[in-house]
Amino acid sequence: MAVNCLTAMSHPTITSRGSEYRAIMARLNSGLRVAFGLSPSLPDSGTESWSGDDDYKVVVVSGSGTAAMEMIIANRFRPNDRVLVPTNGKFGERVAQICGSYCQVEHLNGEWGRTFDHEHMESLLSKGGFEAVLICHNETSSGITQDADAIAELCRKYSVALILDGITSVGGIEVELEKWSVEAAVVGAQKCTAGPSGIAAIAINNQFIDRCGEIRNSGQSNPAYYLDLQAALKKGADDQTPWTPAINASMGWAAALDNLRTEGLDERIARCALMANGVRNLFSDLGFELLADVEGRSDTVTAILYPEGIDDSWRKKLQDEYRTYVIGAQDHLKGKMFRIGSMGETPIPEMIEGCQRMLQCFRDCGHDLAKVDVESYFR
Ligand SMILES: Cc1ncc(COP(=O)(O)O)c(C=O)c1O
């Protein structure tokens, strides 16, 4: 997290109902529109910084990415609506679980790291009866990015909505909401936008907004109060939130999004790709096995299997002796794999230094590795 984000958060907490907070919300919303790849907030839009001249609005959610995903699902579906959720990792499985709380879900529970079976998806969609396909666009648990282009085409062909968990793709990987006709997508602050945790946002199009309104008016909606979209829409047009927002977190996130704007979305996406490419090639050349199928490997997180004889004690040693933090794996892959993030504001020299320390720590653990010029992988 950058210094300006931390400094912004250390401001005394102000009221959320005054012009000072409205100005923060306007900065935050316009930064979010950059991250989502949307048209800019219009300078003459008054208090409507959530919109631009396209079909989308952004809505800030005080809660982590999971809350924002729940907000989308709870408001968009009726209890009897059917949705299709293909998964290849923990966070997709979570999307399916949230759907299970609010509607009828067909969960295509695939192996972690394998690409989706589009033919199977099509065979199900072609039978009709589905309201939407929901995907975890970038599956952080297994390091795979879904082929959203192809999935969007399927959704268009069978006239179903497409909804994205973009928590580790928005701001780090190409996300084309308009081109893919995505109805709703989520971004989490603490991932590709390098903001604080506990705050998230959704981007929603008019079709989504209209459908949620119809469902509410028909009296068939799921119960929602804190995450009620209608309440958020009423206040959003005034650069406000229905309940007290995460005030200091929004100050920090607005600052982090300023950094994204300064770097440029395309430049940030290119830096993430360069770092991920370097990590993939470096570890592959040294004989490590990557979990994700080659055609879907993510540019914001790389999942690498431990070689024979190495387990999570390597991560502990790396942390204790090299002051370097690497995330482990989840669920059934715990202790078998580690993951290297290449998102947010990580500078390339820091990634190079981190990789050098990781390799040295593997050698310390008795794993023989050839000498390589790490830096050359990141040019
Ligand atoms: C792709 C993805 N979806 C959802 C989540 C959950 O987000 P949060 O912990 O912010 O609720 C994460 C967190 O790592 C994630 O990477």
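Small disclaimer: the values here were computed from a predicted structure and weren't measured. Counting starts at 1 for both ligands and their atoms, following the listed order.
Of all atoms in ligand 1, listed by their number and element, those nearer than 4.0 Å to a heavy atom of Thr140 are 1 (C), 2 (C), 15 (C), 16 (O). Shown in contact with Thr168 at under 4.0 Å from a heavy atom are these atoms of ligand 1, numbered in order with element: 1 (C), 16 (O). Below 4.0 Å from some heavy atom of Gln190 lie the following atoms of ligand 1, by number and element: 10 (O). For ligand 1, the atoms sitting less than 4.0 Å from at least one non-hydrogen atom of Asn138 are 1 (C), numbered in the order shown with element in parentheses.
For atom 3 (N) of ligand 1, the choice among Leu164, Asp165, Thr66 with the nearest heavy atom turns out to be Asp165. Heavy-atom proximity to atom 10 (O) of ligand 1, evaluated over Ser197, Gly198, Ala68, Gly65, is greatest for Gly65.
A centroid separation of 6.0 Å or more is found between the aromatic rings of Tyr56 and Phe36. Tyr325 and Phe338 have their aromatic ring centers separated by at least 6.0 angstrom.
In this structure, a donor-acceptor pair under 3.5 Å is present between the side chains of Arg94 and Thr66. Counted by atom type alone, Thr145 and Asn138 present one or more donor-acceptor pairs between their side chains at under 3.5 Å.
Rounding to the nearest 0.5 angstrom, the gap separating the OG atom in Ser39 from the CD atom in Glu178 is 7.0 Å.
Residue Arg94 has no nitrogen or oxygen atom sitting less than 3.5 Å from a nitrogen or oxygen atom of ligand 1, judged on distance alone.
Atom CD of Glu267 is surrounded by more than 12 heavy atoms from other residues, nucleotides or ligands within 6.0 Å.
Under a 4.0 Å heavy-atom criterion, His137 is not in contact with ligand 1. Remark: distances from the non-hydrogen atoms of Lys191 to ligand 1 include one below 4.0 Å.
The side chain of Cys136, and not its backbone, has at least one atom closer than 4.0 Å to an atom of ligand 1 (non-hydrogen atoms only; side chain from C-beta on).
Using a 4.5 Å cut-off between side-chain heavy atoms of Ile, Leu, Val, Met, Phe, Trp and Tyr, Trp112 falls into a hydrophobic cluster with Leu291, Leu305, Leu333, Met337.
Nearest to atom 2 (C) of ligand 1 among the protein's heavy atoms is Phe91 CG, 3.4 Å.
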For residues 269-281, please give each side-chain donor-acceptor pair under 3.5 Å, one per line with the distance, not counting sequence neighbours.
{"residue": "Arg271", "atom": "NE", "partner": "Glu263", "partner atom": "OE2", "Å": "2.7"}
{"residue": "Arg271", "atom": "NH1", "partner": "Gly344", "partner atom": "O", "Å": "3.3"}
{"residue": "Arg271", "atom": "NH1", "partner": "Thr346", "partner atom": "O", "Å": "2.7"}
{"residue": "Arg271", "atom": "NH2", "partner": "Glu263", "partner atom": "OE1", "Å": "2.9"}
{"residue": "Arg271", "atom": "NH2", "partner": "Glu263", "partner atom": "OE2", "Å": "3.1"}
{"residue": "Arg271", "atom": "NH2", "partner": "Gly344", "partner atom": "O", "Å": "2.7"}
{"residue": "Arg280", "atom": "NH1", "partner": "Ser298", "partner atom": "O", "Å": "2.9"}
{"residue": "Arg280", "atom": "NH1", "partner": "Asp299", "partner atom": "OD1", "Å": "3.0"}
{"residue": "Arg280", "atom": "NH2", "partner": "Asp299", "partner atom": "OD1", "Å": "3.2"}
{"residue": "Asn281", "atom": "ND2", "partner": "Asn277", "partner atom": "O", "Å": "3.3"}

